Each structure stands twice: as structure tokens, then as C-alpha cells.
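Numbering starts at 1 and runs along the sequence shown. Keep in mind the model is a prediction, meaning the values are calculated, not measured.
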Amino acid sequence: MFQPSCFWRGLVSAAVLSVSLVAPALAADEPDLIFRRSTVFKLLSPDDKLATYGIDDPDVEGVACHFTVPEKGGYKGWLGLAEQVSDISLSCRQIGPIRIKAKFEQGEDMFRQRRSLFFKKMQIVRGCDVKRNVLVYMVYSDRLIEGSPKNSTSSVPIMPWGSADSIQKCADFLSK
């Protein structure tokens with residue numbers, strides 16, 4: 001005989017197991033958590049929070065980005081089943097001499113992260129403002145069927161870092 005409670009317990013167990021099996025493979029690519037702040041109190045389950053993370057651009061030495069994302073609380077958020085909202089802020093800065101390591105395309109992914117169990121992901125993409133010699137980063141989220149117009153942009157002018165630093169031109173690293 002079919003028992004709904006056993007079905008749901010099995011489904012939740014399978015979801016938790018699949019997330020725990022995938023997590024170690026993604027750990028090396030995960031951003032650094034800087035801090036979290038609660039925004040909505042929930043009595044018996046985790047609070048909704050804003051979380052700020054830091055990540056270095058893997059293909060451009062000397063650039064770091066920080067982004068803040070809302071994280072759903074409650075039982076769905078705790079189990080990783082809640083769809084996260086698309087309100088994401090972004091700030092990127094030069095933190096040392098800028099060295100572009102390889103050619104890249106305009107709008108190339110610098111970082112991606114799942115924002116729901118199946119269909120939604122957040123992406124940070126990189127481009128080059130050739131005229132101003134500025135790296136431009138944009139964060140947005142999308143879904144399989146419908147994306148979100150919510151986004152944030154940050155730019156990093158390529159400036160010398162000390163008197164002996166030579167300045168690269170981002171245009172020299174664009175793929176044609």
C-alpha cells in the first residue's frame with residue numbers, strides 16, 4: 001500500500017543525498033563567504049539571510065569580485081529546495097597588478113552558481129570596454145524557460161599597480 005509520508009521522506013532523503021554527493025566536487029569553485037545577516041526571523045526554521053561572498057577572477061590576476069545574494073530560510077531553504085530570488089549585487093575591484101592570463105570572449109562566464117534545485121542559476125560574466133581599457137563584470141540570473149532582468153554591473157579600470165607595473169590592454173586578449 002502506498003504511504004505518502006514514506007514517499008516524501010524518501011524524496012527528501014534522495015535530495016539531501018544528491019546535494020551532499022555533488023557538494024565536494026564544487027567546493028574548489030565555491031566563493032568565500034565573508035558574512036551573513038538575517039533579514040526575516042523564522043521561529044522554528046532557519047531565517048532568511050543576505051550573504052556576501054568574495055571570489056577572485058580565475059582568468060584575470062589582480063581582480064576580485066564581491067556579491068551579495070538573498071538566501072531563503074525556512075525548511076525549503078534549509079533543504080536546498082527553495083528557489084532563490086534574483087536580487088544580486090556585485091562589486092569588482094583591482095586588488096593587485098592586473099595580469100590577464102588567456103584570451104576571452106565578450107560576455108564570457110567568470111563564475112556560475114545554482115540558485116534552485118534544477119532550473120535557475122546565477123552567472124557573473126566578463127567583458128572588455130576596449131575604448132576605455134576597462135574590464136566590465138555583470139551578474140544576472142536565468143532560468144531554463146525565463147530569465148530575470150535583474151542584474152548588477154561593476155567595472156575595473158586597468159591601472160598600474162606601483163611605478164614599475166606595465167599596463168595590459170584588455171583588447172589584446174579578446175577572442176575574435
Which pairs pass side-chain hydrogen bond (donor to acceptor under 3.5 Å, both in side chains) with one or both residues in residues 165-174, sequence neighbours excluded?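 Listed by first then second residue: R99-D165.
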Under a 3.5 Å distance rule, please check whether [X] uses its side chain to pair with a backbone N or O of [Y] as donor and acceptor.
X: D109; Y: F111; value: no
X: K49; Y: P70; value: no
X: D57; Y: C65; value: no
X: Q94; Y: M159; value: yes

With sequence neighbours left out, write down each residue that passes salt bridge (charged side-chain N to carboxylate O under 4.0 Å, His left out) with D32, or none if nothing qualifies.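 Per chain and number, D32 pairs via salt bridge (charged side-chain N to carboxylate O under 4.0 Å, His left out) with no residue.
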Would you please name every residue forming a salt bridge (charged side-chain N to carboxylate O under 4.0 Å, His left out) with R93, sequence neighbours left out? none
Do the side chains of I124 and I88 get nearer than 4.5 Å, heavy atoms only? no
Option among T68, I34, L33 that satisfies the side chain to side chain contact (heavy atoms under 4.5 Å, CB included) test with Y53: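 The option that passes is L33.
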Could you tell me which non-hydrogen atom of M110 sits nearest to which non-hydrogen atom of P58, and how far apart they are?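 Shortest heavy-atom separation between M110 and P58 comes out as SD-CD, 3.6 Å.
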Using every non-hydrogen atom in the two residues, find where C128 and A171 come nearest and quote the distance to one decimal. SG-N, 3.6 Å
What residues, two or more places apart in sequence or in another chain, satisfy side chain to side chain contact (heavy atoms under 4.5 Å, CB included) together with E108?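 E108 satisfies side chain to side chain contact (heavy atoms under 4.5 Å, CB included) with D59, F104, E105, R126 once adjacent residues are dropped.
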Taking the hydrophobic residues Ile, Leu, Val, Met, Phe, Trp and Tyr, and joining any pair whose side-chain heavy atoms are under 4.5 Å apart, which ones share a cluster with V136?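 Its cluster mates, by chain and number, are V134.
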Who passes side-chain hydrogen bond (donor to acceptor under 3.5 Å, both in side chains) against S154, sequence neighbours left out?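 Counting only residues at least two positions away or on another chain, S154 forms no side-chain hydrogen bond (donor to acceptor under 3.5 Å, both in side chains).
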